[in-house]
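Following: one structure in structure tokens, then a few remarks.
In what follows, chains are A, B, ... by sequence order, proteins preceding strands, each numbered from 1. A quick note: this is a predicted structure, and the numbers were derived from the prediction, not measured.
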Protein chains: 2
Amino acid sequence: MKKALIAAFGLMFSFFSYGQPSASKRQANNEQPKAPQSDYPYTAIPFTSVKLNDQFWLPRIKTNQAITIPASFERCDKTGRIKNFIMAAEKKGKFCTTFTFDDTDIYKTIEGASFSLSLFPDKKLELFIDSLITIVGRAQEPDGYLYTARTIDPLNPPGWAGKERWVKERELSHELYNSGHLYEAAAAHFQATGKRNLLDIALKNADLVCSVFGPDKMHTAPGHEVVEMGLVKLYRITGKIEYLNTAKFFILERGNYKGYNTKSKDPWQNGAYWQDHLPVVQQREAIGHAVRAGYLYSAVADVAALTGDKKLLNAIDSIWLNMVGKKIYVQGGAGAVGAGERYGENYELPNSTAYNETCAAISNVYWNQRMFQLHGDAKYVDLLEKILYNGLLSGVGLDGKSFFYTNAMQIRHNFKHPDMEAERSGWFECSCCPTNVCRLLPSVPGYMYAQHGTDLYVNLFASGVATIPMGKKSLVLEQQNNYPFSGDLKFMVQSKDKLAFTMKIRIPGWAVQEAIPSDLYSFRTNKKEEIVIHINGTPVTYTMDKGYAVITREWKKGDKVEMNLPMNVQRVYSNDNLKDNKGLVSLQRGPLTYCAEWADNNNRTSNLVLPATVNLVPEFKADLLNGVTVLKGEAIVIETGKDHLSVSSHTQPFVAIPYYAWANRGKGEMNVWLPETIKDISIIAQ
Amino acid sequence: MKKALIAAFGLMFSFFSYGQPSASKRQANNEQPKAPQSDYPYTAIPFTSVKLNDQFWLPRIKTNQAITIPASFERCDKTGRIKNFIMAAEKKGKFCTTFTFDDTDIYKTIEGASFSLSLFPDKKLELFIDSLITIVGRAQEPDGYLYTARTIDPLNPPGWAGKERWVKERELSHELYNSGHLYEAAAAHFQATGKRNLLDIALKNADLVCSVFGPDKMHTAPGHEVVEMGLVKLYRITGKIEYLNTAKFFILERGNYKGYNTKSKDPWQNGAYWQDHLPVVQQREAIGHAVRAGYLYSAVADVAALTGDKKLLNAIDSIWLNMVGKKIYVQGGAGAVGAGERYGENYELPNSTAYNETCAAISNVYWNQRMFQLHGDAKYVDLLEKILYNGLLSGVGLDGKSFFYTNAMQIRHNFKHPDMEAERSGWFECSCCPTNVCRLLPSVPGYMYAQHGTDLYVNLFASGVATIPMGKKSLVLEQQNNYPFSGDLKFMVQSKDKLAFTMKIRIPGWAVQEAIPSDLYSFRTNKKEEIVIHINGTPVTYTMDKGYAVITREWKKGDKVEMNLPMNVQRVYSNDNLKDNKGLVSLQRGPLTYCAEWADNNNRTSNLVLPATVNLVPEFKADLLNGVTVLKGEAIVIETGKDHLSVSSHTQPFVAIPYYAWANRGKGEMNVWLPETIKDISIIAQ
């Protein structure tokens, strides 16, 4: 099916992986989008072309389908989110949830369910979605407007909605945010099912938005970005240039509003909270609400790719360098500051109050994938992998139905903070994160491969089989590995046709002693290990290009590439600018960041010291946390006397677990960073 | 001389203690101010009526005269502050210091020197001041305007000054702040010397200010208050009602400006930084820059007293309760937050970053004295005493030439913060604090006594002799004590005339188990001790009224009142709302707050634990820090191994010194609060 599609448009037509219906469906609908003038030079292979059979992602994707998605729909129902649409259709009642953007939870769950349906067809689920779409469609006003918070009772909308359509869009109403998630969901649903029912609703709404906003029409910078990404997806499906133009208009509109107090340092007062403090082309710093930021930067990448706008490209290149060099936690979390769920100042990455919204990690994955698609550099995938396996994945529990809104760097029994969650919740009043996880997980295989001309990029590692178009032929490539716990990788060609192409396999930064693609964190040693690649049992020479091992040959069935990425236990240290991390170490093995959790360390972790001389040994534990490699060693533990008037220290066995797996065994202390020495202590008398 | 004055106007004419020239000088100048319609019911006895011979204040006042004042004048010269006046007179050159309010350092030093001259006449100093006044006078513009930053080069004033007079008064220019300190200095100089040279300059400026500002004229809320207090003093000297009216106008003008962003939480954006966020009569919270706040509240008290305005009175009564109940440190420091040198939120009193500007303590003394004068309640004097002996006095070193701008609550060797000073400096670029100390110290005896009808209030304790008008007679009262180190107090009547009056002797809160006049801090026990008062060797019964022991009798020469205020060592605990102080204790004995300093505790204090069971014994050390009573006991000390990989605890002798005397022996750790137990520890790896 995919082969036919690619054949139809050829490799020169790069498309974004999630915006693409099957060719047959498209033809049936008489749609024939024009190829964009320019686009991402590096094209992702859609997740639908990759069939996983691994032990890491596949079980999670199945849990997402079996548990998370039904639970999400059920909660949308129970909390009144579906009722809002029904009331809007009937134009009576009273908006019955808290946030005017609660509509998006339904859109996001439909999006996740659609992705999931592509992988595991499920007629019942498909029908349920259809019925939901019918409900959504009835809530849409005749001109395309769709925003239940206003439509239910247009004369008395909730305060946040504003008295008139879009008048509070800049700060509060999130009308375009709702539209954006509708478009994302519609694109996914169309791609997964070929059905137009949700797409038509989205297009009608998008036509209204494009008719209302523009250089000679209404001006606004959307308060919570995502409509820009959504419009780009609709453009990719329909080829309708207005959608792209309006997305670009929204981007360029930022920084134009004159009502801010430019002297204020309050990000709500100067517009920085929603990235509206400067024209995007002048922005150089990851700033403001981190989810919004990631969606904006993703859309900027989309528009830069599709229009060739160099100024936009320069802006996000700079912003990315700022983010990766000064504003990201060691586990890939972003958005350090709870007040505003936002990026802090440069090097403002406190451990005790790290906010790290799960949605911010998700939006950062979107952004990094697009950065890769622009530049074809493995460093973006290195960061994407870091976020995916750590700061993002920690957002959902192993049970698939408990979630973190924030992702802590440490939990200390005597430090309570309203933002610091030590225990996952089933649902939040602001439930953006669970529904965002829903839609992200099934799409993970879509980040594994990409193409550029005749180059095949292997970005992520997981056992499974991918079917990849190669001109008029196609390559079937199998991965066999036990990633992320083992660095033993095998890639096997299974398709019959001989195919001459260049395989570019990402050699992860962590395998060559780079903790992160910046100097923010580093390993103890920076001695580069040489990675030997065997083809069919024989070592081969290869060159490195932008983080990829480059192997060009005529590939034939049975060809086997093998390599062993060295999974040493790494001690990670922070740049001196992270003052709070001075003297502290974190642990990494392969792509995984580790943490010490109470359950493995005699109920405490904040009293542990991990001297630099301690040898840490990996050990796979099949029965622990769905199977994880733990790190074992010996720590110094400091204990106070029962009378609370004495202190002493002794050694104790030490165990670290992958960060993503913490908080699945009850509530207690956790530390990503541990001291290596005791230079001093602070007495806590509480 | 004073007797004659009091006789001339009678007791019914209450006057503010510092605004009063000698009667003979006033008559020579043909000035006869009208008595205000209403005024403070409790009248302070001016410091010039009190001759100290004690070991605590007198040496400090002498040091202030011998060292601080000359050093201050010298620094005014060396830094270009005097040159600014000379250039203004010549209308050429370029304003050569940093701040447009640097003129005030000269005014404040003149004020301090004038007070000091009243106590210790010094012809040379008087002549030097006269020459300075001449220089100041030449810098005044013909219409009375006096602000060197503009007059030097009116077409190119420094940015902070604004292009035109007063256009930046609200936020930046401090033109009226300069005027206010000019008036304060002029009043003091006139009182001390009877000379009109500075007074005439001040009156000319005040006439200009009154002609420019008013309900039908220019509107502004002065950015840094003090002009209001100054105008009241000029009103008291001249009886010119315009001065009082303009002072009241400035007060009522606050909260009227429409240019603020009322939704912002940034105190610079919403006006709270300079108490301009609400009309004063609606203010209920001590807020914004703490020095400005204290000056405003002092002026509000003045105007409330002089006009009988109940709404203003209610406002400062409420604000005072907020300050004493939620916003003051245990040593009497105010203004917790460095960013803005301002009051924090309720209960925001961090130890590690306590700002506690010396000037804020001084302005709080001014305010509390006025609160006493309004209400005649000892609680205001309790707080005044707390500030005076602790958080204010720590601002000046024993050498009289080193100063703290901020007054720390703790110094920790591994915690550096730009605001946290561990060592006094000779002078600051912004030198408000040294010059404010200059003017405060010689005036301390003015806070000792007050009158209300035939009641004599004895507020503070220090050996010396006071001459106090009693109708047409006068009382000579001697105090003999070794306060604040001993609670043994003697009061002896030395005047010949028999005098029937009520002596009201303050029984300090600390002597009856109240740490502070609110529930913010409390002693371990609240068992009230009974204080026995002897007259001429015989115990007498007395009643208590608003914190005073009330003794009414016909007093005759030789009458001796004796009492012993119990100076137990008190453990002080914080209200539970001060989360950071949970489990911590501070020490107090008499009016003195104690601290542990490195020099007495084996070079460290942040590693000390002071269990609740430890007995603390006072011991007077004549050769330590100019003579102090220390507290001795035994502490637990926690030490880390030399390899920084182990921790242990043991006991060690413990010494606490009066807080005011810290940082006179070099730089090192200091703690006001100490833990009583070790519930936990935090490992510092730096």
Side-chain angles (χ1 to χ4, degrees), chain A residues 171 259-261 263-270 339 352 412-416 576 579-585 604 606-614 635-651 669 671 673-686, chain B residues 171 259-261 263-270 339 352 412-416 576 579-585 604 606-614 635-651 669 671 673-686:
Chain A
E171 297 104 344
Y260 295 125
N261 184 333
K263 285 180 191 163
S264 174
K265 295 196 167 177
D266 179 339
W268 284 269
Q269 299 301 323
N270 63 29
S352 62
R412 192 175 173 131
H413 73 98
N414 55 9
F415 179 84
K416 310 284 179 226
D576 287 346
K579 306 274 183 234
D580 288 353
N581 283 2
K582 203 172 168 191
L584 303 183
V585 65
R604 292 284 304 278
S606 68
N607 60 349
L608 300 180
V609 177
L610 194 66
T613 49
V614 168
I636 293 163
V637 58
I638 297 172
E639 282 185 319
T640 53
K642 282 189 182 164
D643 60 358
H644 299 301
L645 294 175
S646 66
V647 165
S648 63
S649 56
H650 59 267
T651 57
E669 292 200 335
N671 273 70
W673 292 97
L674 288 168
E676 286 194 326
T677 59
I678 314 159
K679 283 283 162 56
D680 197 358
I681 58 137
S682 176
I683 303 157
I684 294 169
Q686 296 172 22
Chain B
E171 296 104 344
Y260 296 126
N261 183 333
K263 286 181 190 162
S264 174
K265 295 195 168 179
D266 179 338
W268 283 268
Q269 299 301 323
N270 63 30
S352 62
R412 195 178 170 126
H413 73 99
N414 56 8
F415 179 83
K416 309 283 179 226
D576 288 347
K579 306 272 183 236
D580 288 354
N581 283 2
K582 203 171 169 190
L584 303 184
V585 66
R604 292 284 302 277
S606 67
N607 60 350
L608 300 179
V609 177
L610 193 66
T613 50
V614 168
I636 293 163
V637 58
I638 297 172
E639 280 185 321
T640 53
K642 283 191 181 163
D643 59 359
H644 299 300
L645 295 175
S646 66
V647 165
S648 61
S649 57
H650 60 267
T651 57
E669 293 199 334
N671 274 71
W673 292 96
L674 289 168
E676 286 195 324
T677 59
I678 314 159
K679 283 284 162 56
D680 197 358
I681 60 140
S682 175
I683 303 156
I684 295 169
Q686 295 171 23

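- Residue with the most contacts toward chain A among B:S649, B:S606, B:G641: B:S649 (heavy-atom pairs, distance under 4.5 Å).
- Only the side chain of B:I638 comes within less than 4.5 Å of a heavy atom in chain A; its backbone stays farther off.
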Contacts table for residues 673-685 of chain A: side-chain donor-acceptor under 3.5 angstrom, sequence neighbours left out:
residue, atom, partner, partner atom, Å
A:E676, OE1, A:Y573, OH, 3.3
A:E676, OE2, A:R571, NH1, 2.6
A:E676, OE2, A:Y573, OH, 2.6
A:D680, OD1, B:R604, NH2, 3.0
A:D680, OD2, B:R412, NH2, 3.2
A:D680, OD2, B:H413, NE2, 2.7
A:D680, OD2, B:N414, ND2, 2.7
A:D680, OD2, B:R604, NH2, 3.4

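- The candidate with the highest count of non-hydrogen atom pairs below 4.5 Å against chain B, out of A:N581, A:D580, A:T651, A:N261, is A:N261.
- Both the backbone and the side chain of A:S264 come within less than 4.5 Å of a heavy atom of chain B.
- Heavy atoms of B:N607 lying under 4.5 Å from chain A belong exclusively to its backbone.
- A:D576 meets the side-chain contact (heavy atoms from CB on, under 4.5 Å) test with no other residue; sequence neighbours excluded.
- Both the backbone and the side chain of B:S646 come within contact range of chain A, with heavy atoms under 4.5 Å apart.
- With chain B as the partner, the residue from A:L645, A:L608, A:I636 showing the most heavy-atom pairs under 4.5 Å is A:L645.
- Atoms CG and CD, on B:D266 and A:Q269 in that order, are 7.5 Å from each other to the nearest 0.5 Å.
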